[in-house]
A.B. asks: 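Here it is: the structure, laid out below.
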Amino acid sequence: MPKLPVRNLAHVRTRKEEDYWQFGAFAEVSVKFDLDDQDRWFAELWGRYHWVDSFTVQDAFTEAEIDPSSWSVGLGVGVRF
């Protein structure tokens, strides 16, 4: 593999020795609709909110606050056996 014509100015790697745990929770709401008279086929619509406490990352020059919480939604079609 050919080497690229660049020069590395600095390389710094840091590592924390302690473990840092992030805990979170989620809440979900779903609605199912029957699509036939035998209640075999259905459609489902759902929404979920994932909550995780925000945290800060930083290096020697910058600092950023990160909020990993998120929303998700979905739509599906299914069959009951």
Side-chain angles (χ1 to χ4, degrees):
M1 185 163 143
K3 292 190 174 190
L4 297 175
V6 296
R7 187 175 76 192
N8 188 9
L9 298 177
H11 180 81
V12 177
R13 179 179 289 180
T14 60
R15 182 177 175 185
K16 285 186 171 182
E17 295 299 325
E18 70 273 2
D19 289 332
Y20 183 69
W21 292 83
Q22 286 291 106
F23 293 97
F26 73 91
E28 179 176 305
V29 174
S30 75
V31 178
K32 289 185 182 177
F33 303 98
D34 291 326
L35 299 177
D36 62 352
D37 293 336
Q38 293 82 23
D39 294 338
R40 184 172 172 141
W41 290 91
F42 65 93
E44 180 180 31
L45 175 65
W46 57 268
R48 180 185 292 176
Y49 180 70
H50 300 261
W51 173 81
V52 179
D53 199 15
S54 61
F55 59 92
T56 303
V57 293
Q58 63 186 9
D59 63 9
F61 305 106
T62 59
E63 181 176 309
E65 178 89 14
I66 297 178
D67 183 6
S69 299
S70 64
W71 286 94
S72 58
V73 294
L75 176 64
V77 176
V79 61
R80 294 180 184 102
F81 293 102

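We count residues from 1, following the sequence as given. Only heavy atoms go into these numbers, but all of them, side chains included; no hydrogens, no water, no symmetry mates.
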A.B. asks: To the nearest 0.5 angstrom, please state how far the NE2 atom of H50 sits from the OG atom of S70.
C.D. replies: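 Answer rounded to 0.5 Å: 5.0 Å.
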A.B. asks: Which heavy atom in S54 sits nearest to a heavy atom in P68, and how many Å separate them?
C.D. replies: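 That closest heavy-atom pairing would be CA-CD, 4.1 Å.
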A.B. asks: Nearest 0.5 Å, please: how far is CD in Q58 from CD in E65?
C.D. replies: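 Atom-to-atom, E65:CD and Q58:CD are 11.0 Å apart.
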A.B. asks: Hey, does F23 have a side-chain heavy atom less than 4.5 Å from the side chain of D53?
C.D. replies: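 In short, these two side chains do not touch, never coming nearer than 4.5 Å.
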A.B. asks: If we only count heavy atoms from C-beta on, is the I66 to T56 side-chain gap below 4.5 Å?
C.D. replies: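 The answer is no; the side chains never approach within 4.5 Å.
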A.B. asks: Which of these, Y49, W46, F26, sits in a ring-ring contact (aromatic ring centres under 6.0 Å, His included) with W71?
C.D. replies: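 One option only clears the test, and that one is Y49.
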A.B. asks: Just do the side chain to side chain contact (heavy atoms under 4.5 Å, CB included) check on V31 and E44 with the steps written out, would you?
C.D. replies: CA-CA 6 Å; V31 178; E44 180 180 31; over 6 Å; no
A.B. asks: If you measure from the Lys or Arg side-chain nitrogens to the Asp or Glu carboxylate oxygens, is any gap between R80 and D34 under 4.0 Å?
C.D. replies: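 Result for this pair is yes, salt bridge flagged.
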A.B. asks: Could you pull out the closest heavy-atom pair between W41 and V77, with the gap in Å?
C.D. replies: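 Smallest heavy-atom distance, with atoms named: CE3-CG1, 4.3 Å.
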A.B. asks: Between atom CZ of F55 and atom CG of D67, what is the distance when rounded to the nearest 0.5 Å?
C.D. replies: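 With rounding to 0.5 Å, CZ (F55) is 9.0 Å from CG (D67).
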A.B. asks: Do you reckon L35 sits in the same ILVMFWY cluster as F81, going by side-chain contacts under 4.5 Å, direct or chained?
C.D. replies: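 Yes.
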